[in-house]
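Nothing here was measured: the structure is a model prediction, and the numbers come from that model.
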Amino acid sequence: IEMKFEEIDFYDYKIRMCVDNGIRMYLVSDLLRQYNEKHGTNKRFGEYLQSEETQEVIKHLLKREDGNQDDISNVIQYISFSDSGSTKTGFIICEELLHMFLMWLDPDFTWKVLHFLSFSKGM
(Lines give C-alpha, C1' and ligand atoms only; values in the text may rest on other atoms or scores of the structure.)
Protein backbone atom coordinates (compact mmCIF):
# COMPACT_ATOMS: atom_id res chain seq x y z
CA ILE A 1 0.00 0.00 0.00
CA GLU A 2 1.44 3.36 -1.05
CA MET A 3 1.28 5.92 1.76
CA LYS A 4 0.07 9.35 0.67
CA PHE A 5 1.74 12.03 2.76
CA GLU A 6 0.79 15.63 3.23
CA GLU A 7 3.32 18.08 4.61
CA ILE A 8 2.30 20.13 7.63
CA ASP A 9 4.07 23.02 9.31
CA PHE A 10 4.99 22.44 12.93
CA TYR A 11 6.88 25.27 14.60
CA ASP A 12 10.11 25.56 12.55
CA TYR A 13 9.69 22.15 10.95
CA LYS A 14 7.76 20.42 8.20
CA ILE A 15 6.41 16.99 9.09
CA ARG A 16 4.89 14.51 6.68
CA MET A 17 1.58 13.09 7.86
CA CYS A 18 -0.60 10.33 6.43
CA VAL A 19 -3.82 8.65 7.45
CA ASP A 20 -3.63 4.90 7.88
CA ASN A 21 -6.59 2.85 9.09
CA GLY A 22 -8.32 6.13 10.02
CA ILE A 23 -5.43 7.23 12.26
CA ARG A 24 -3.15 10.20 11.64
CA MET A 25 0.44 8.95 11.52
CA TYR A 26 3.62 11.04 11.29
CA LEU A 27 6.91 10.25 9.54
CA VAL A 28 9.49 10.84 12.27
CA SER A 29 12.57 10.51 10.06
CA ASP A 30 11.79 13.88 8.44
CA LEU A 31 11.45 15.63 11.75
CA LEU A 32 14.54 13.99 13.23
CA ARG A 33 16.68 14.90 10.20
CA GLN A 34 15.52 18.52 10.36
CA TYR A 35 16.10 18.72 14.12
CA ASN A 36 19.60 17.23 13.91
CA GLU A 37 20.55 19.59 11.07
CA LYS A 38 19.18 22.66 12.86
CA HIS A 39 20.79 21.88 16.23
CA GLY A 40 23.97 20.08 15.13
CA THR A 41 22.97 16.95 17.03
CA ASN A 42 22.90 13.27 16.12
CA LYS A 43 19.85 12.01 17.99
CA ARG A 44 18.54 8.67 16.77
CA PHE A 45 15.00 7.30 16.82
CA GLY A 46 16.30 3.91 18.02
CA GLU A 47 17.54 5.52 21.24
CA TYR A 48 14.06 6.88 21.85
CA LEU A 49 12.42 3.51 21.15
CA GLN A 50 14.76 1.69 23.52
CA SER A 51 13.99 3.88 26.52
CA GLU A 52 11.95 2.28 29.29
CA GLU A 53 9.57 5.24 29.34
CA THR A 54 8.84 4.88 25.62
CA GLN A 55 8.22 1.15 25.99
CA GLU A 56 5.73 1.86 28.80
CA VAL A 57 3.90 4.46 26.72
CA ILE A 58 3.65 2.07 23.76
CA LYS A 59 2.24 -0.63 26.05
CA HIS A 60 -0.26 1.88 27.41
CA LEU A 61 -1.29 2.98 23.91
CA LEU A 62 -1.89 -0.67 22.99
CA LYS A 63 -4.37 -1.18 25.85
CA ARG A 64 -7.78 0.03 24.88
CA GLU A 65 -10.37 1.09 27.42
CA ASP A 66 -12.50 -1.97 26.62
CA GLY A 67 -9.60 -4.23 27.64
CA ASN A 68 -8.86 -5.50 24.13
CA GLN A 69 -5.35 -5.17 22.78
CA ASP A 70 -5.08 -2.63 19.99
CA ASP A 71 -3.07 -3.28 16.84
CA ILE A 72 0.58 -2.12 17.04
CA SER A 73 0.22 -0.71 13.51
CA ASN A 74 -2.12 1.92 15.00
CA VAL A 75 0.77 3.12 17.19
CA ILE A 76 3.98 2.60 15.20
CA GLN A 77 4.93 1.13 11.82
CA TYR A 78 8.16 0.65 9.89
CA ILE A 79 7.32 1.46 6.29
CA SER A 80 8.78 1.86 2.81
CA PHE A 81 7.80 5.01 0.93
CA SER A 82 8.66 6.90 -2.21
CA ASP A 83 10.68 10.08 -1.81
CA SER A 84 11.85 12.09 -4.83
CA GLY A 85 11.80 9.01 -7.04
CA SER A 86 13.65 6.69 -4.66
CA THR A 87 12.36 4.20 -2.11
CA LYS A 88 13.16 4.94 1.51
CA THR A 89 12.22 3.39 4.83
CA GLY A 90 11.26 4.94 8.13
CA PHE A 91 8.88 4.92 11.04
CA ILE A 92 5.44 6.46 11.19
CA ILE A 93 3.96 6.99 14.65
CA CYS A 94 0.60 8.04 16.06
CA GLU A 95 0.00 11.55 17.35
CA GLU A 96 0.32 10.64 21.04
CA LEU A 97 3.68 8.98 20.45
CA LEU A 98 4.74 11.95 18.31
CA HIS A 99 4.09 14.35 21.21
CA MET A 100 6.17 12.23 23.56
CA PHE A 101 8.92 11.90 20.95
CA LEU A 102 9.03 15.68 20.53
CA MET A 103 9.33 16.14 24.28
CA TRP A 104 12.24 13.64 24.32
CA LEU A 105 13.86 15.31 21.33
CA ASP A 106 13.60 18.96 22.26
CA PRO A 107 13.71 20.41 25.81
CA ASP A 108 12.31 23.71 24.48
CA PHE A 109 9.24 21.88 23.14
CA THR A 110 8.83 20.15 26.51
CA TRP A 111 8.86 23.51 28.24
CA LYS A 112 6.26 24.88 25.79
CA VAL A 113 3.96 21.91 26.43
CA LEU A 114 4.31 22.17 30.21
CA HIS A 115 3.84 25.94 30.08
CA PHE A 116 0.69 25.53 27.96
CA LEU A 117 -0.73 22.89 30.33
CA SER A 118 -0.07 24.99 33.42
CA PHE A 119 -1.80 28.02 31.87
CA SER A 120 -4.76 26.00 30.59
CA LYS A 121 -5.49 24.74 34.12
CA GLY A 122 -5.95 28.27 35.38
CA MET A 123 -8.62 29.17 32.83
- Under the side chain to side chain contact (heavy atoms under 4.5 Å, CB included) test, residues paired with E6 that sit two or more places apart: I8, M17
- Item | Partner set under side chain to side chain contact (heavy atoms under 4.5 Å, CB included) for T41, not counting sequence neighbours |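 Only Y35, N36, H39, K43 meet the side chain to side chain contact (heavy atoms under 4.5 Å, CB included) criterion with T41.
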Report the residues that fulfil side-chain hydrogen bond (donor to acceptor under 3.5 Å, both in side chains) with [X], sequence neighbours left out, ordered by chain and then residue number.
| X | answer |
| --- | --- |
| N42 | none |
| S29 | none |
| R44 | none |
| K14 | D9 |

- Expected output: side-chain E56 to main-chain E52 donor-acceptor under 3.5 Å: no
- Is a donor on one side and an acceptor on the other found under 3.5 Å between the side chain of D71 and the backbone of S73?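 Indeed, once roles are kept as given, a pair shorter than 3.5 Å links the two residues.
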Flag the pair [X] / [Y] as yes when at least one side-chain heavy-atom distance between them is below 4.5 Å, and no otherwise.
| X | Y | answer |
| --- | --- | --- |
| K4 | C18 | no |
| V75 | L61 | yes |
| V57 | T54 | no |
| R33 | E37 | yes |
| I76 | L49 | yes |
| F81 | L27 | yes |

- Atom CZ in R16, atom CG in L31: separation rounded to 0.5 Å?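 So the CZ of R16 and the CG of L31 are separated by 11.5 Å.
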- Message: As an exercise, state the distance from CD1 of I15 to OH of Y26, rounded to the nearest 0.5 Å.
- Response: 8.0 Å
- Quick one: do Y13 and W111 end up in the same hydrophobic cluster if we chain Ile, Leu, Val, Met, Phe, Trp and Tyr together by side-chain heavy atoms under 4.5 Å apart? no
- Task: Go through the steps to decide whether Q77 and D20 satisfy the test side-chain contact (heavy atoms from CB on, under 4.5 Å), and finish with yes or no.
- Result: CA-CA 10 Å; Q77 294 179 46; D20 185 53; 2.6 Å; yes
Could you list the donor-acceptor pairs under 3.5 angstrom formed by side chains in residues 87-108, with sequence neighbours left out?
| unit_1 | atom_1 | unit_2 | atom_2 | d |
| --- | --- | --- | --- | --- |
| K88 | NZ | D83 | OD2 | 3.2 |
| T89 | OG1 | Y78 | OH | 2.9 |
| D106 | OD1 | D108 | N | 2.9 |

- Task: With sequence neighbours excluded, tell me which residues meet salt bridge (Lys or Arg N to Asp or Glu O under 4.0 Å) with E53.
- Result: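 Scan of E53 (salt bridge (Lys or Arg N to Asp or Glu O under 4.0 Å), adjacent residues dropped) gives none.
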